[in-house]
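Working notes, structure below.
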Amino acid sequence: HTEETLLEVNNIEVIYNHVILVLKGVSLTVPKGGITALLGGNGAGKTTTLKAISNLLHSERGEVTKGSIEYRGERVQHLSPSDLVQKGVIQVMEGRHCFEHLTIEENLMTGAYTRKDGSSAVKADLEMVYDYFPRLRERRKSQAGYTSGGEQQMCAIGRALMSRPETILLDEPSMGLAPQLVEEIFTIVKNLNEKEGVSFLLAEQNTNVALRFAHYGYILESGRVVMDGPADELRENPDVKEFYLGVS
Ligand code: ATP
């Protein structure tokens, strides 16, 4: 790996319930400072790939049976999700997963639990999150369960930011959101990438929006990477246009 590489997934295979082969040799690289998109239709294996990286497959009876996953050149397959957070990698799961009975601000503060620095640094980061997500500042006293889907997605990303991550694994941020909100969230992701230097690996079915904001993309089909390349090249590729962008 080069110095630029943060995450390197090399030829991983994932099997659920000992028999269902879902990933059939997936390789990908996440460079420092990049937004990398993992694309593909329903069931292609995007979520499974993210969960394999953050070691979240056990509870679903899934396991990585082949290949390797390295972060900064170090094997991370034996690490728990919270050890990975310490290393700077955090996953924002599909479906938002805010604590519904806590306020937005309380949710954000739960993201700082791994932090060993003082509360003034944590407070400063809370302000940083509010600066990126003004809607969260407005809604900070609201119970998360009563906020909109878009606000809950923002809350989930904001909470992840509170751990001061180097890399965020973001699963399907556009899911169930109106186009204008999708645009708003992707714009914030881009700002976080450019201004805070956070690297992203984002899984998306919405190829169109993902390729407008990402630098590089991988397309998964039935557990295999069938194509990869710089985002602007993928957007011009005739097959991508026909099968994923809805134009030919
Ligand atoms: P989606 O957009 O629906 O999340 P995806 O690309 O993220 O799609 P995965 O969720 O990774 O796809 O699923 C890939 C395949 O693995 C699907 O065929 C799915 O049915 C199967 N699968 C996912 N979780 C399990 C599980 N716990 N047990 C068995 N099969 C599973």
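All values below come from the heavy atoms of this structure, side chains included, with hydrogens, waters and symmetry mates left out. Whatever order the structure lists ligands and atoms in, that order sets their numbers, starting from 1.
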* Could you go through the side chain to side chain donor-acceptor pair (under 3.5 Å) check for N191 and Y132 one step at a time? => CA-CA 8 Å; N191 286 339; Y132 282 98; over 6 Å; no

* Any heavy atom of E94 sitting closer than 4.0 Å to ligand 1? -> yes

* To do: Step by step, work out the side chain to side chain contact (heavy atoms under 4.5 Å, CB included) result for V9 and T29.
  => CA-CA 6 Å; V9 174; T29 297; over 6 Å; no

* **Side-chain donor-acceptor contact under 3.5 Å, E63 with Y16** => no

* NZ/NE/NH1/NH2 to OD/OE distance under 4.0 Å, E166 and K87 -> no

* Asked: Can you list the atoms of ligand 1 that are under 4.0 Å from a heavy atom of G41?
  -> 6 (O)

* Asked: Hey, is G45 one of the residues with a heavy atom under 4.0 angstrom from ligand 1?
  -> yes

* Structure fact -> Honestly, for V22 the part within reach of ligand 1 (heavy atoms, under 4.0 Å) is side chain

* **Which residue and heavy atom of the protein sit nearest atom 1 (P) of ligand 1, plus the separation** => N42 OD1, 3.6 Å

* To do: Would you sort out whether E105 and Y130 count as a side chain to side chain donor-acceptor pair (under 3.5 Å), showing the intermediate values?
  => CA-CA 10 Å; E105 186 152 305; Y130 287 147; 2.5 Å; yes

* For A44, counting its heavy atoms only, list the atoms of ligand 1 lying under 4.0 Å from any of them. => 5 (P), 6 (O), 12 (O)

* **Distance-only polar pair, side chains of T49 and Y218, donor-acceptor under 3.5 Å** => no

* Heavy atom of protein closer than 4.0 angstrom to atom 19 (C) of ligand 1 -> no

* **Region of R61 engaging ligand 1 - heavy atom pairs below 4.0 Å** => neither

* Asked: Any ion pair linking E204 and K46 (charged N to carboxylate O, less than 4.0 Å)?
  -> no

* **Residue, atom name and distance, where the atom is the protein heavy atom closest to atom 11 (O) of ligand 1** => T48 OG1, 2.5 Å

* Structure fact -> closest protein heavy atom to atom 2 (O) of ligand 1 is Q205 NE2, 3.0 Å

* Side chains of S27 and N11: do they bring a donor and an acceptor to under 3.5 Å? -> no

* **Closest protein heavy atom to atom 5 (P) of ligand 1, given as residue, atom name and distance to 0.1 Å** => K46 N, 3.4 Å

* Asked: Does ligand 1 have any atom that is closer than 4.0 Å to a heavy atom of G223?
  -> no

* Any side-chain donor-acceptor pair under 3.5 Å between S68 and Q77? -> no

* List the closest protein heavy-atom neighbour of atom 26 (C) of ligand 1: residue, atom name, distance to the nearest 0.1 Å. => Y16 CD2, 3.4 Å

* To do: Verify side chain to side chain contact (heavy atoms under 4.5 Å, CB included) between D125 and L161, making sure each step is shown before the conclusion.
  => CA-CA 8 Å; D125 285 347; L161 283 171; over 6 Å; no

* For atom 4 (O) of ligand 1, which protein heavy atom lies nearest, and how many Å away is it? -> T47 OG1, 3.1 Å

* To do: Run the numbers for me: atoms of ligand 1, each under 4.0 Å from some heavy atom of E172, listed by number.
  => 2 (O)

* Going by distance only, is there an N or O of G43 that falls short of 3.5 Å from an N or O of ligand 1? -> yes

* **Proximal atoms of ligand 1 relative to E60 (non-hydrogen, under 4.0 Å)** => 27 (N)

* Asked: Short question: side chain of R235, backbone of D232 - any donor-acceptor pair under 3.5 Å?
  -> no

